[in-house]
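From a predicted model like this one, the values you see are computed outputs, not experimental measurements.
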Amino acid sequence: MPHLALYTFGVLKSPLADPAPLTREFYGIGEAVYRKITQKPGYLAHAEPAEIDRGVLFEADWGAWGEFSVPTWYGKGRTVETIALAATLSLWTGLRPAFDAIYTGLHREALNRRYDWFERTGHPNYVFWWVSDGVTPTWQDGVSRLEHLHAQGSAPHAFTFHHSFTPEGTPARVKGIGQ
């Protein structure tokens, strides 16, 4: 049975190493959101480095999730002191469970605050695609699909909640999503 891959990407207003209250708040909420998301029905897995070291993304060992990469339009730093981004890569059983996890509870509260922490870039901040059972999506998969979504719009291999597709490639409508 195919699984739904989700890549998210946002450019932060300040570097992750910034000791300002908003950056600390983002970290605190982000860690709590991840704990809650992993308990949601339909959640399968997310990319984690072998060793957790806050702000180390490009040099980290991500195992089967591949080498960490970002969209070509990201122009901020790549060092621990200058990185100003937040990215996730996860697997879900389907659109409905992902939607319910993202748009309810603590994650919903964080989404309501996103413009306190993130720049408005004019680029999409997430993309979905289907993967075969047993396949682990890579960071590069997510980046290429997000860039495709920005340039070409939704398609069966790169889509959003509002313009989604089934694993077979036909347009999908899930009650309450994209209607």
Find the distance between [atom1] ([X]) and [atom2] ([Y]) and round it off to the nearest 0.5 Å.
X: R24; Y: I29; atom1: CZ; atom2: CD1; result: 12.5 Å
X: S154; Y: H162; atom1: OG; atom2: NE2; result: 10.0 Å
X: R78; Y: E59; atom1: CZ; atom2: CD; result: 10.0 Å
X: W139; Y: L89; atom1: CH2; atom2: CG; result: 5.0 Å

Quick check: do [X] and [Y] have side-chain heavy atoms less than 4.5 Å from each other?
X: L85; Y: F118; result: no
X: T93; Y: L44; result: yes
X: L146; Y: P124; result: yes

Where do [X] and [Y] come nearest, in terms of heavy atoms and distance?
X: V131; Y: A5; value: CG1-CB, 4.2 Å
X: A172; Y: L95; value: CB-CD1, 4.4 Å
X: P156; Y: G169; value: CG-O, 3.6 Å
X: W92; Y: A101; value: CH2-CB, 3.5 Å
X: P97; Y: G42; value: CB-CA, 3.6 Å

Just distance, no hydrogens or angles: give the donor-acceptor pairs under 3.5 Å from side chains in residues 6-20, sequence neighbours left out.
unit_1 : atom_1 : unit_2 : atom_2 : d
T8     : OG1    : T88    : N      : 3.2
T8     : OG1    : T88    : OG1    : 2.3
K13    : NZ     : Y115   : O      : 2.6
S14    : OG     : D18    : OD2    : 3.4
S14    : OG     : T23    : OG1    : 2.9
D18    : OD1    : A20    : N      : 2.9

Item to complete: Please list, chain by chain and in numerical order, all residues satisfying ring pair (Phe, Tyr, Trp, His ring centres under 6.0 Å) with H148, sequence neighbours excluded.
Response: H157
Worksheet item: Who passes ring pair (Phe, Tyr, Trp, His ring centres under 6.0 Å) against H123, sequence neighbours left out?
Response: W73, H150
Response to the item:
So the side chain to side chain donor-acceptor pair (under 3.5 Å) pairs with at least one residue in residues 60-70 (sequence neighbours excluded) are S69-Q140
Practice prompt. With sequence neighbours excluded, give me every side chain to side chain donor-acceptor pair (under 3.5 Å) pair touching residues 125-134.
Written response: none
Worksheet item: When you look at T160 and V127, which way does the side-chain contact (heavy atoms from CB on, under 4.5 Å) test go after all the steps?
Response: CA-CA 6 Å; T160 66; V127 65; over 6 Å; no
Discussion item. Determine whether L91 and L4 satisfy the following criterion, side-chain contact (heavy atoms from CB on, under 4.5 Å), listing intermediate values before the conclusion.
Written reply: CA-CA 6 Å; L91 278 172; L4 188 66; over 6 Å; no
Discussion item. Taking the ring of F128 and the ring of F165, is the distance between their centroids below 6.0 Å?
Written reply: no
Item to complete: Taking atom types as modelled, find out whether E168 and T170 have a side-chain donor-acceptor pair closer than 3.5 angstrom.
Response: no
Worksheet item: Taking only residues at least two apart or on different chains, which pairs with a member in residues 138-165 satisfy salt bridge (charged side-chain N to carboxylate O under 4.0 Å, His left out)?
Response: none
Worksheet item: What residues, two or more places apart in sequence or in another chain, satisfy salt bridge (Lys or Arg N to Asp or Glu O under 4.0 Å) together with R114?
Response: none
Discussion item. Just to verify, what does H46 make a side chain to side chain contact (heavy atoms under 4.5 Å, CB included) with, not counting sequence neighbours?
Written reply: Y34, T38, Y43, E48, S90
Practice prompt. Can you sort out the partners of L106 under side chain to side chain contact (heavy atoms under 4.5 Å, CB included), two or more places apart, ordered by chain and number?
Written response: A32, V33, K36, E109
Residues that [X] engages under side-chain hydrogen bond (donor to acceptor under 3.5 Å, both in side chains), provided they are two or more places apart:
X: R113; result: E25, D116
X: K76; result: E119
X: Q39; result: none

Practice prompt. Just do the side-chain contact (heavy atoms from CB on, under 4.5 Å) check on V70 and F58 with the steps written out, would you?
Written response: CA-CA 9 Å; V70 296; F58 292 93; 3.8 Å; yes
Discussion item. Y27 vs L22, test: side-chain contact (heavy atoms from CB on, under 4.5 Å). Steps then yes/no.
Written reply: CA-CA 9 Å; Y27 260 123; L22 274 178; over 6 Å; no
